[in-house]
Protein chains: 2
Amino acid sequence: MHIESTVCEDPKDVYSAACPCRNMLDLLANKWSALALGALEEGPQRFGALRARLQGVSPKMLTQTLRRLEDHGLVHRDVYPEVPLRVEYSLTPLGRDANVPLAHLRTWVERNIARFPDQG
Amino acid sequence: MHIESTVCEDPKDVYSAACPCRNMLDLLANKWSALALGALEEGPQRFGALRARLQGVSPKMLTQTLRRLEDHGLVHRDVYPEVPLRVEYSLTPLGRDANVPLAHLRTWVERNIARFPDQG
DNA sequence: CTGCATCCGCAACGATACTG
DNA sequence: CAGTATCGTTGCGGATGCAG
């Protein structure tokens, strides 16, 4: 159900389907975005480095994720027309800020993994 | 790529494809899970109430999300064999804890929505 | 009436091969 | 090296139907 056209009454309620917040939550609250932003927290990285860090990601999904983050102002993309070609991704100030709650989530998972019934 | 069979070397690295943490991150870091857990933070809720709160969710996705959360010990499901039937969902202690970082994420989005280039 | 299982069309995902 | 093209598969999302 896409109600993008409808205007959001309260622009600060993620539970509203029409609220822009919903799109932003969707952007941040997914596996590859959360991991990509986390990886970039350690400094600017090249495409290949990110691909190695986010084990199991396909080039297509990585490109798609990075482009989406770039379009929304969370990630900056620098192209160096060298040989071989070099492309570096880095966090924008907004991306750095968004990383704070995401880092909480990542570390919470790592620290509480043992509490889940289907994991030792 | 499903490398579930492979054993995870470091059981605390979300960046490892084979790490259980990856599955947990995937479970929590998605739109409907984040919203459902947030809604349940306000107290036990019935299926219909949750459906009304998570605007735009289909009954199927809501069921699927709640079941998945229940299977992983984040949500508790109580069935009252009344007429009409009543089913109440509530958070487990683990679910309440998981909600902390998710709440950070939700509130961060609501508070920083104006900073995104494609939103006011 | 509430909750949920089934079926199906379609979009998103994922792996591989290939191009600038 | 950094992606794009292509294709098979998976999963979402809506409609329908059924049980309690």
Nearest-Å distance for atom pair CE/C1', residues A:M61 and D:dT10: 13 Å

For atom CG of B:D78 and atom C1' of C:dG3, their distance in whole Å: 15 Å

Where at least one partner belongs to residues 49-65 of chain A, residue pairs that pass salt bridge (Lys or Arg N to Asp or Glu O under 4.0 Å), sequence neighbours excluded: A:E42-A:R53

Aromatic plane relationship, A:H104 with B:H104 - under 30° parallel, 30 to 60° tilted, over 60° perpendicular: tilted

Sequence-aligned protein contact record of nucleotides 1-6 of chain D, with B where the base is within under 4.0 Å of a protein heavy atom and S where only the sugar-phosphate is: SSSB-B

For atom OH of B:Y80 and atom C1' of D:dG20, their distance in whole Å: 18 Å

OP1 or OP2 of C:dG14 under 4.0 Å from side-chain N/O of A:W32: yes

Separation of C:dA12 P from B:N30 CG (nearest whole Å): 16 Å

Qualifying salt bridge (Lys or Arg N to Asp or Glu O under 4.0 Å) pairs, either residue in residues 61-73 of chain A, two or more places apart: none

side-chain hydrogen bond (donor to acceptor under 3.5 Å, both in side chains): pairs with one or both residues in residues 82-103 of chain A, sequence neighbours excluded: A:R77-A:Y89, A:E82-A:R86, A:R86-A:E88, A:D97-B:R115, A:N99-A:R106

Salt bridge (charged side-chain N to carboxylate O under 4.0 Å, His left out) involving A:R22 - partner list, sequence neighbours excluded: none

Contact list for residues 29-71 of chain A, test ring pair (Phe, Tyr, Trp, His ring centres under 6.0 Å), sequence neighbours left out: none

Atom-pair distance (CD on A:Q55; C1' on C:dG14), nearest Å: 16 Å

OP1 or OP2 of C:dC13 under 4.0 Å from side-chain N/O of A:Q64: yes

